[in-house]
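Have a look at the structure below before the remarks.
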Amino acid sequence: MTTSEKYVTGAYLVVLAVILLYVVLYSLKLARLEREVAELTELARRRQVA
Amino acid sequence: MTYFADVAALARKDILLELRSRDTLPAMLLFVLSALVVFHFSLPSDASETASTGLLWIALLFTALLGLARAFAAERDQRVLDGLVLAPCDRSAIWLAKSLGVLAFLGLAEAVALPAYALFFQPVGWELVAAIVLADLGLAAVGTLLAAMAAASRARELLLPLLFLPLVIPVVVGGVGATVVDDPGRYLGFLALYDAIFAILSWASFEYVVAE
Amino acid sequence: MSLRNNRAVLLAAAASVLLVAGLALALFWAPEDADQGFSQRIFYIHVPVALTAYACFAWGAWKALRLLWTREPHYDLESYTAVHMGVIFGVLTLVTGSVWAKISWGVWWTWSERQLTLFLVLFLFYCAYFMLRFSVEPGPRRANLSAVYALFGVALIPVSFLAIRLGERFIHPVVFRRDGPALSGSMLFVFCVCLAAMLALFASLYTNELTGKRLDARLRELREALE
Amino acid sequence: MKRVLRDLDLEVEEGGFLLVTGPNGSGKSTLLALLAGLLAPTEGTLDVDLPRGRIGYLAHEPLVYRELTALENLDLYGRLYHVRERRETIGALLERFGLWEARHQRVGSFSRGMQQRLALCRVLLHDPALLLLDEPYSALDESARGLVDELLRETSGGRTVVVASHEPDHVRPLSTSILALA
């Protein structure tokens, strides 16, 4: 592959990488949200008991 | 025409405040002079004319920034802005009065800077003066709105330059262009277009910046 | 809420199908460009990404206008998310644009490429948007400030594009000039698919991120209610 | 975003006198700022069917310029509120609140009590239909407190008044309704 072809594929890979990075960040956010919901349900249950 | 009466009352207050505290205008005058002197030393001897023109515009930009940083200082420190916002007058009157104030200060600073520039670098042509007048209108209009925005935030002194510089890049292009190119008509027209668009936008949106 | 989930799923599906199709077409099916050869294929990603960035900023400004008009707080989040997406696509435009400059002219950055310069200005402008947002307490005041700033942004796009064009005469003599490759029929088709793919990608990521942010807000409310 | 006031529905009939009490930080000032129109409610609706020019709002700060004199401050507000016979009204108010002699002094040189009295002049300048007073007695000496009592007694009936104070017993007899914020 000539150098310019390397660059083109490089550019496409960069775009792909950013999208995948975005998906990874999103899974981290989902995990955090899940923990938060669990915490809140626990809080709610404790309030119910009290 | 109570709108202009309100603007006059607010502008009178700004002038009175400046006469009483005398801090913004002297600072701007001194700043623009020292900037020009520093630029002199920063220019190699064989620097082209465009270089010094460019530097003049940078000096004007940052002098405007200095004035704008002080624009809402009194209103913010003593929270008087709430008092003005409560008044029945149209809130854009506050913006117009403050813009005229900034414009006046900028004009006075340039009245000192241009002769000094002519002395230090090269003579000042009519197209430079025309470009500066048009640019000042844009800088004052947009700058006053951004100063009000920065006044409502925590990191005031840091935020204003960040908000201001990207928005005034076209003013610098128009200004330097009008000074350097031999047919400045297009650039002066562009500056006028910029002033029109952003003055109207600032005038219309100021209400939302100071009131909820 | 089921309608919204279906819409999100549909958007995500459309985005992925279009993206795969677009990339496949761009890399394999699109005809070789006469003078630039294979490297011309970056055109199929650089320009759609740039146009999508403009779409993001326009969408953010539209939501900002709606916020100022109707004062309904939910528009603030939508405007913020759209601008956030716009900056991501803006950075991608800068990256793919500099790669294109490297291929075509051997330099990583050239001021004479108008669109690239414009994106640099917009990038600075919208970074300041986030600075503004993070230095004001959440609430109606921050929503108004962000909305006004977003409106200024969309007004800045044509004005600074004009300024850059005007600036070329004396700031930087035009050394490299490409008037955009002549698009033959099939090339145009591939370009449209790629553009649709990028816009669908924006819509999909935008909806997901918005849902995520709304979830955050609701959880905060729930936490306050329970504490 | 700290939530200060939650699920509060409140109605103040015209000419009423509402006393808002509660410890510091219970949201008294926020409520008054909402009524004055300085803050927008993040949820729910609020309508004060009065134009901005008919509302007088006394906040914690006097909302006057320290570098300007008492007269210049009141003159500015008089113009902004389009007060008729501005000079006479300002003179009468300064006289009433004992600031006539100090009218040419810079507000920066005023004591906290004098600033509060100047703020009261500012609030009454345009004869508001709705009077919002946030801690009107703070930093006032005995004679000034008498002035405020007299003001509150004189207005009850004609004007709608909302007073926020954490030492309510002073004002309680005058109020038609009381809102205690937790």
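Sequence lines set the chain letters: A, B, ... in the order given, protein chains first and strands last, and positions in each chain run from 1. Only heavy atoms go into these numbers, but all of them, side chains included; no hydrogens, no water, no symmetry mates.
Residues F198(B) and V159(C) have side chains in contact (heavy-atom distance under 4.5 Å, counting atoms from C-beta outward). Taking the side chain as every heavy atom from C-beta outward, L156(C) and L167(B) approach each other to under 4.5 Å. Contact check for V148(C) versus F206(B): no side-chain heavy atoms found under the 4.5 Å cut-off. A 4.5 Å side-chain heavy-atom check between V209(B) and L145(C) finds at least one atom pair inside the cut-off. A heavy-atom distance below 4.5 Å is found between the side chains of F152(C) and S205(B).
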Can you list the steps and then say if L132(C) with L159(B) is a side-chain contact (heavy atoms from CB on, under 4.5 Å)? CA-CA 7 Å; L132(C) 172 66; L159(B) 195 61; 3.6 Å; yes

Go through the steps for R186(B) and L166(C) under the test side-chain contact (heavy atoms from CB on, under 4.5 Å), then give the verdict. CA-CA 8 Å; R186(B) 233 152 32 119; L166(C) 281 173; 4.0 Å; yes

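Rounding to the nearest 0.5 Å gives a distance of 10.5 Å between CD1 of I169(B) and OG1 of T117(C). The OH atom of Y208(B) sits 15.0 Å away from the OG atom of S146(C) when rounded to the nearest 0.5 Å. With values rounded to the nearest 0.5 angstrom, F125(C) atom CZ is found 8.0 Å from L163(B) atom CG. Between S153(B) atom OG and R133(C) atom CZ the span is 13.5 Å, to the nearest 0.5 Å. Taking CG of L162(C) as the start and CG of L193(B) as the end, the distance is 7.0 Å to the nearest 0.5 Å.
In this structure, F123(C) places its CZ atom where only 12 or fewer heavy-atom neighbours from other residues, nucleotides or ligands lie under 6.0 Å away. Residue W108(C) places its CH2 atom among more than 12 non-hydrogen atoms of other residues, nucleotides or ligands, all under 6.0 Å distant. Enclosure of atom CZ in R165(C) is not indicated, since only 12 or fewer non-hydrogen atoms of other residues, nucleotides or ligands lie within 6.0 angstrom. The local environment of CH2 in W57(B) is crowded, with over 12 non-hydrogen atoms from other residues, nucleotides or ligands closer than 6.0 Å. Atom CZ of F4(B) has 12 or fewer neighbouring heavy atoms from other residues, nucleotides or ligands inside a 6.0 Å radius.
In this structure, chain B has no heavy atom under 4.5 Å from any part of Y129(C). At a 4.5 Å heavy-atom cutoff, the contact between A211(B) and chain C is made by backbone atoms alone. Proximity to chain C is limited to the side chain of L146(B), based on heavy atoms less than 4.5 angstrom apart.
By number of non-hydrogen pairs under 4.5 angstrom with chain C, the leading residue of V171(B), V180(B), V176(B) is V176(B).
The pair R71(C)-E212(B) does not count as a salt bridge, with every side-chain nitrogen at least 4.0 angstrom from each carboxylate oxygen.
P166(B) approaches V121(C) most closely through the heavy-atom pair O-CG1, 4.2 Å.
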